[in-house]
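Reading through the structure tokens given below for one structure.
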Amino acid sequence: MGSEGVVLPAAFFDRPADRVARHLLGKQLVARTASGVVRLPVTEVEAYLGSHDLACHGSRGMTKRNATMFGPAGSWYVYLCYGMHWMLNIVTGKPGVPAAVLLRGAGHLTGPGRLTKGLGIDRTLDGAEAVPASGVWFEDAGVRVPPRQIARTPRIGIGYAGEWVEKPLRFVRESASP
DNA sequence: GCAGTGATCATA
DNA sequence: ATGATCACTGCC
């Protein structure tokens, strides 16, 4: 479902990635697809905090692949993983700081690879801003997710990251309990 | 439980 | 130029 909401401005993303991640839960991920505009509530995200975060691509310096992570808040960072899955991230914080939030689930789409596949997202979005003109953006439909519905766990698939493996930087929205 | 898949990056 | 790696998924 999903009626129209207020487009999230770039300023929303100009904060530490873990705060952005927490506040993205319940917002609408909106994409213009071949079959029309799709609005899906964000259900699962992960924060990548910057160059000191050993799980963060930016922690080993800027490369051609991760350059957009060092850009301004509110732009998309999209890269290919395992040769077949596109990962969708929204850049956070100040330019020069490599931080972002990975979108792992929204609406019925679970898993970061299925999410991009379902929305038809690939690297052509990399570096674009999260505004309607780019085809993919966020809206606030006025939904507030209470803290008791939010679970925090370690991030998935980052076993190489030393002491950062265990940091609870994955945020999942759980269904309301009785 | 593990193979598929190919761009990317460090090493040379 | 070459090889290891990889913020995953689907089928065994």
Side-chain angles (χ1 to χ4, degrees), chain A residues 12-27 29 31 33 38 40-130 134 136-138 150-174:
Chain A
F12 180 93
F13 304 99
D14 188 8
R15 305 184 267 178
D18 53 341
R19 291 211 50 185
V20 173
R22 151 74 182 85
H23 289 286
L24 272 180
L25 292 177
K27 300 293 189 293
L29 175 63
T33 72
V38 178
L40 303 171
V42 176
T43 57
E44 182 183 349
V45 291
E46 285 178 359
Y48 290 84
L49 299 187
S51 51
H52 59 295
D53 175 359
L54 296 182
C56 182
H57 287 168
S59 70
R60 285 164 309 275
M62 181 164 28
T63 66
K64 187 174 181 183
R65 178 180 71 159
N66 68 20
T68 61
M69 242 193 153
F70 291 77
S75 41
W76 296 114
Y77 167 43
V78 183
Y79 68 93
L80 187 64
C81 187
Y82 292 102
M84 50 191 125
H85 308 296
W86 295 103
M87 302 289 109
L88 176 66
N89 304 253
I90 187 73
V91 175
T92 68
K94 302 295 181 200
V97 176
V101 173
L102 169 68
L103 283 121
R104 296 188 58 92
H108 61 288
L109 298 172
T110 60
R114 291 179 187 160
L115 177 66
T116 53
K117 186 178 180 187
L119 295 177
I121 289 168
D122 62 24
R123 84 161 311 143
T124 60
L125 190 65
D126 184 53
E129 291 177 67
S134 75
V136 189
W137 66 99
F138 291 101
I150 298 177
R152 296 184 59 158
T153 80
R155 292 169 291 184
I156 306 296
I158 53 146
Y160 55 84
E163 64 180 8
W164 287 84
V165 167
E166 317 228 340
K167 307 268 188 192
L169 294 173
R170 172 171 172 255
F171 298 77
V172 186
R173 181 182 184 179
E174 302 180 320

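Predicted model only: the values in this text are computed from it and were never measured. Naming: A, B, ... by sequence-line order, numbering from 1 per chain.
- Looking at heavy-atom distances under 4.0 Å, A:Arg123 makes contact with sugar-phosphate atoms alone, never a base.
- When rounded to the nearest whole Å, the span between CZ of A:Arg170 and P of C:dC8 equals 11 Å.
- Nucleotide B:dT5 forms a pair with no other nucleotide shown, judged by Watson-Crick or G-U wobble geometry with both contacts under 3.5 Å.
- Using a 4.0 Å heavy-atom distance criterion, A:Arg65 is classed as a sugar-phosphate-only contact.
- Ring geometry, A:His23 versus A:Phe12: the interplanar angle exceeds 60°, so the pair is classed perpendicular (tilted spans 30 to 60°).
- Put simply, CZ on A:Arg114 is 9 Å from C1' on C:dC8, counting in whole angstrom units.
- For A:Arg104, the side-chain atoms get nearest to C:dC8 when compared with the rest of C:dC8, B:dC9, B:dA7.
- Residue A:Met69 contributes atom CE, which lies 16 Å from atom P of B:dT8 at whole-angstrom precision.
- Under the 4.0 Å criterion applied to side-chain N and carboxylate O atoms, A:Arg155 and A:Asp53 are assigned as salt-bridge partners.
- Pairing for C:dA7 is absent, with no Watson-Crick or G-U wobble pair whose two atom distances lie under 3.5 Å.
- Put simply, CH2 on A:Trp164 is 15 Å from C1' on C:dA7, counting in whole angstrom units.
- Which of C:dT9, B:dC9, B:dA7 sits closest to the side chain of A:His85 comes down to C:dT9.
- By the 30° and 60° cut-offs, the orientation of the rings of A:Tyr77 relative to A:His57 is perpendicular.
- Tested against A:Leu119, the residues A:Leu40, A:Val136, A:Leu125, A:Leu103 include a single side-chain contact (heavy atoms from CB on, under 4.5 Å) partner, A:Leu40.
- Taking atom CG on A:Leu115 and atom C1' on C:dA7, their separation rounds to 13 Å, with Å as the unit.
- A:Met84 has its CE atom 4 Å from the C1' atom of B:dT5, to the nearest Å.
- Nucleic acid contact for A:Ile156: sugar-phosphate only, since backbone atoms but no base atoms lie under 4.0 Å from a heavy atom of the residue.
- When rounded to the nearest whole Å, the span between CG of A:Leu103 and C1' of C:dC8 equals 15 Å.
- Using a 4.0 Å cut-off, no side-chain N or O of A:Thr63 falls inside it from OP1 or OP2 of B:dT8.
- The side-chain contact (heavy atoms from CB on, under 4.5 Å) with A:Glu44 is formed by just one residue from the set A:Thr110, A:Leu102, A:Val172; it is A:Val172.
- Remark: ring of A:Tyr82 does not overlap the six-membered base ring of B:dG6 in a stacked fashion, as centroids less than 5.5 Å apart with planes less than 30° apart are not both met.
- For the P atoms, the distance linking B:dA3 with C:dA4 amounts to 16 Å, nearest Å.
- The distance between atom CG of A:Leu80 and atom C1' of C:dT9, rounded to the nearest whole Å, is 13 Å.
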